[in-house]
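As a basis for the values below, the full set of heavy atoms in this structure was taken, side chains included, without hydrogen atoms, waters or symmetry mates. What you see is a predicted model; the values in this text were computed from it and never measured.
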There are 2 protein chains.
Amino acid sequence: MQSKVTIYDIAEKLKISTATVSRALNNSSKLKQSTLELIQRTADEMGYQRNIFAKALKSGKSNTIGIIVPRIDINFFSSAIRGIQEELNPNGYQVVICQTYDKGTLEVETINSLINSQVDGILMSISNTKIDNSDTFKTLVKKGFPFVFFDRKKDIEGISSVTTNDFEAGYIATEHLIKQGCKRVAHLTNNHALDIFKDRFLGYKKALEDYGLEFDSEIVIKTPYKIDEGKKHTRDLLALKNPPDGIFAVHDYLAFGAIQEIKAQGKNVPDDICVMGFSNEPFAKFLELSITTVNQSPLKMGKFAAQALLEQINNPNNIKVEKHVVLTPELLVRKSTLRQ
Amino acid sequence: MQSKVTIYDIAEKLKISTATVSRALNNSSKLKQSTLELIQRTADEMGYQRNIFAKALKSGKSNTIGIIVPRIDINFFSSAIRGIQEELNPNGYQVVICQTYDKGTLEVETINSLINSQVDGILMSISNTKIDNSDTFKTLVKKGFPFVFFDRKKDIEGISSVTTNDFEAGYIATEHLIKQGCKRVAHLTNNHALDIFKDRFLGYKKALEDYGLEFDSEIVIKTPYKIDEGKKHTRDLLALKNPPDGIFAVHDYLAFGAIQEIKAQGKNVPDDICVMGFSNEPFAKFLELSITTVNQSPLKMGKFAAQALLEQINNPNNIKVEKHVVLTPELLVRKSTLRQ
DNA sequence: TTGTAGGCGTTATCAC
DNA sequence: GTGATAACGCCTACAA
């Protein structure tokens with residue numbers, strides 16, 4: 001099956017000890033240059049591959065990091081994963097990707113399974129669930145297990161995080177709509193189990209306040225972020241006595257659904273109603289009526305998260321490192337909000 | 001850090017041997033029921049976690065499978081991965097996901113890195129590259145390493161595969177356009193380094209032939225499957241003296257771009273030109289003008305691929321198992337081709 | 001039914 | 001500089 005040349009075979013062939021072979025393979029400095037080269041060359045010739053399990057058993061380190069995300073087919077997450085890998089691979093770490101499909105129960109299960117496979121650390125974006133898994137996270141902190149939240153975090157003392165400033169994002173999104181002339185801005189949001197959605201909502205609310213617009217909870221709607229839902233709730237919004245003239249959706253899918261519905265009713269985007277998305281999903285840019293959105297730099301976020309994790313892993317003494325990186329969101333103005 | 005209770009600790013506590021503990025933990029049948037229960041309970045209480053490296057070192061098996069795909073943010077692949085996991089997890093296997101980003105060099109590198117981390121097998125969809133990595137694959141066959149292609153395969157003797165019948169898919173797609181009344185069907189395809197695209201092309205050609213339409217290589221265009229490219233090449237097609245009245249694109253992104261361009265030129269889809277996509281990307285269904293496409297059942301494909309791999313792994317003697325599962329494509333007719 | 005003991009492949013601590 | 005050897009934690013003949 002696998003090639004199974006061991007350091008024993010090399011040692012025997014060269015009539016030296018396994019200790020020396022091991023040292024050579026690890027580039028130990030205190031070896032004669034000639035033996036070092038000889039051993040490395042021989043190892044190559046014999047097709048030697050280090051057995052990572054033996055190494056891991058001995059060292060207690062797997063050089064593997066677990067990544068937990070709700071799902072990988074959302075552009076934001078796959079980009080963040082790419083960022084993580086670009087940071088970790090050069091540092092000698094492999095990556096294991098797990099999905100929770102936003103199921104709260106799978107969340108704990110996945111963490112345990114990763115720890116059971118002895119990853120050296122975990123990077124996680126939590127699920128959108130009402131289940132409270134705080135205890136699991138707290139236990140991790142107590143054990144000093146290297147762990148970092150990215151994007152979707154929970155406020156747990158001792159856990160570092162890398163996030164977008166979602167309050168600011170909600171604020172600038174709403175502000176943009178107001179500056180385009182919207183007087184009544186609806187908000188398609190998600191349940192507020194996740195901070196990211198709550199913060200965007202708070203930013204939305206603050207912007208309304210700052211610009212002297214009335215806040216009306218009737219036009220703040222909590223819904224899963226699916227295209228269908230965007231359509232459905234927009235239908236409801238348009239049926240109100242006092243319908244909105246702007247919609248800020250917490251995801252491009254919702255915004256997309258909203259736009260479809262508005263058009264279907266013979267109204268114009270952005271002239272009748274401005275629609276604003278979130279997340280910068282690739283398709284949003286390519287629509288005939290491109291969607292204004294907020295970009296969260298997932299690649300950068302992944303890199304920062306990986307760095308924060310490495311810092312924890314390489315933390316020699318157990319000094320408490322809690323660190324919160326907050327990235328600045330970027331407004332991408334496109335047709336769906338750009339009135340002439 | 002990790003809890004480090006070993007079978008030694010349990011043995012000591014209960015004044016029995018590690019062998020008995022090990023047996024109990026593996027549910028060996030030849031143990032007194034009472035001791036078995038006692039040990040399992042004690043292990044639980046002490047928070048015992050099996051050290052997978054020791055086990056792997058001893059058994060030579062990692063119980064991990066590598067998955068290699070071009071990228072995970074394409075719905076087809078993320079769905080296939082889901083199918084694979086649903087099949088493998090219940091069988092006690094973990095999964096490591098790797099992306100090649102369609103880079104030929106990363107392909108070999110990734111395989112080696114996976115083998116180096118001693119996965120028990122690999123499931124792979126090859127990259128769209130001109131680089132020929134056949135030798136790497138042949139070496140795997142020679143070593144008897146469990147390996148299965150899914151979707152994007154290479155014809156290598158000894159390697160099993162699970163694919164869609166892309167010839168048939170190309171045929172029914174083209175046939176559908178012809179039956180909608182198209183007399184001149186263009187084909188937006190990819191370079192033909194990959195069988196899937198070549199086969200779809202061959203199916204396209206055969207359908208034209210069967211229905212007595214002329215084949216014209218001028219309207220067969222090889223291009224990366226990006227929205228922009230779909231636009232660009234459609235522009236070229238429409239500028240021809242004899243423009244097509246139907247377009248069969250090998251990916252929904254291309255079809256999407258094509259539709260945008262046709263509309264931009266003030267023409268109507270499907271009345272002036274029918275447009276057909278491929279892959280059943282989720283967004284295609286939700287467009288105002290929904291895109292007719294071909295569904296390839298990625299979930300099912302993932303499951304079959306995983307099964308084929310498990311068969312190889314569990315193959316007791318080294319009987320040669322080469323198996324080719326070919327799934328039937330399914331036409332999903334939507335607005336972009338449906339003339340009244 | 002249970003215990004003894006050797007080995008999986010590495011690395012690290014001693015010695016020399 | 002290099003060699004002998006003891007772990008790392010688990011499994012499994014072989015014994016008892």
Side-chain angles (χ1 to χ4, degrees), chain A residues 1-40 42-44 46-64 92 94 115-120, chain B residues 1-44 46-64 92 115-120:
Chain A
M1 194 79 90
Q2 323 268 61
S3 57
K4 28 197 313 185
V5 182
T6 73
I7 53 172
Y8 266 88
D9 303 321
I10 302 175
E12 197 177 4
K13 180 157 184 185
L14 296 177
K15 306 290 177 216
I16 55 178
S17 76
T18 59
T20 307
V21 176
S22 174
R23 281 189 273 256
L25 263 20
N26 288 296
N27 265 313
S28 164
S29 51
K30 31 188 153 177
L31 274 191
K32 229 193 322 186
Q33 188 64 20
S34 59
T35 43
L36 191 144
E37 280 168 12
L38 174 65
I39 294 171
Q40 293 189 338
T42 315
D44 264 4
M46 298 175 74
Y48 170 77
Q49 301 256 93
R50 161 191 276 124
N51 182 316
I52 58 157
F53 297 127
K55 185 185 159 80
L57 176 59
K58 186 75 182 127
S59 68
K61 278 203 56 180
S62 64
N63 276 308
T64 300
Q94 296 294 316
I115 290 185
N116 205 2
S117 36
Q118 283 167 270
V119 293
D120 295 337
Chain B
M1 195 81 89
Q2 323 269 61
S3 57
K4 26 199 312 186
V5 183
T6 73
I7 53 172
Y8 268 89
D9 303 323
I10 301 176
E12 196 178 2
K13 179 157 185 184
L14 296 177
K15 307 289 176 216
I16 54 179
S17 76
T18 58
T20 307
V21 176
S22 173
R23 281 189 273 255
L25 263 20
N26 287 297
N27 264 312
S28 164
S29 51
K30 28 188 153 176
L31 273 192
K32 226 192 325 185
Q33 187 64 20
S34 59
T35 43
L36 190 144
E37 280 168 10
L38 174 65
I39 293 171
Q40 293 190 337
R41 186 153 30 83
T42 315
D44 264 5
M46 297 176 73
Y48 172 76
Q49 300 257 94
R50 162 191 274 125
N51 182 317
I52 57 157
F53 298 127
K55 184 184 160 82
L57 176 59
K58 182 74 189 156
S59 68
K61 278 202 57 178
S62 64
N63 275 309
T64 300
I115 291 184
N116 205 1
S117 36
Q118 280 167 271
V119 293
D120 295 336

Quiz item: Could you give the angle between the helix axes at the two ends of the helix from C:dT1-D:dA16 to C:dC16-D:dG1, with five pairs per end, rounded to 10 degrees?
Solution: 40°
Practice problem: With sequence neighbours excluded, tell me which residues meet side chain to side chain contact (heavy atoms under 4.5 Å, CB included) with B:I52. | Solution: A:S117, A:Q118
Quiz item: So do the side chains of A:L57 and B:N51 get within less than 4.5 Å of each other, counting heavy atoms only?
Solution: yes
Quiz item: At what distance, to the nearest 0.5 angstrom, does CD of A:Q94 lie from OG1 of A:T64?
Solution: 6.0 Å
Exercise. Take atom CG of A:N116 and atom P of D:dC10, then tell me their distance rounded to the nearest Å.
Key: 11 Å
Exercise. In whole angstrom, give the distance that lies between atom CD of A:E37 and atom P of D:dG1.
Key: 14 Å
Quiz prompt | Side-chain donor/acceptor of B:S59 to backbone N/O of B:K55, under 3.5 Å | solution = yes
Exercise. Would you mind building the protein contact string for nucleotides 8-16 of chain C? One character per nucleotide, 5' to 3', B for base within reach (heavy atoms under 4.0 Å), S for sugar-phosphate only, - for untouched.
Key: BBBBBB---
Practice problem: With A:T18 as reference, evaluate A:D9, A:I10, A:I7 under the side-chain contact (heavy atoms from CB on, under 4.5 Å) test and give the passing residue. | Solution: A:I7
Quiz item: Could you give the CG-to-C1' distance, from B:L38 to C:dT1, as a whole number of Å?
Solution: 15 Å
Quiz item: Can you check the A:K32 NZ to D:dG3 C1' distance for me, whole Å?
Solution: 14 Å
Practice problem: Report the residue from B:Q33, B:R41, B:Q40 that forms a side-chain hydrogen bond (donor to acceptor under 3.5 Å, both in side chains) with B:E37. | Solution: B:Q33
Quiz item: For D:dT2, does either OP1 or OP2 sit under 4.0 Å from a side-chain N or O belonging to A:S17?
Solution: no
Exercise. Can you tell me the distance, in whole Å, between the CD atom of A:Q118 and the C1' atom of D:dC8?
Key: 11 Å
Self-check item: A:K61 NZ - D:dG9 P separation (whole Å)
Solution: 17 Å
Quiz item: Please give, in whole Å, the distance from D:dC11 C1' to B:I52 CD1?
Solution: 16 Å
Self-check item: Approximate separation, where rounding is to 0.5 Å, of A:S34 OG and A:L38 CG
Solution: 7.5 Å
Quiz item: What is the minimum heavy-atom distance between B:S62 and B:A56, and which atoms define it?
Solution: CA-CB, 4.4 Å
Quiz item: Over how many whole Å does the gap from A:L14 atom CG to D:dG1 atom P extend?
Solution: 18 Å
Quiz item: So how far is it from B:I39 CD1 to B:D44 CG, rounded to the nearest 0.5 Å?
Solution: 12.5 Å
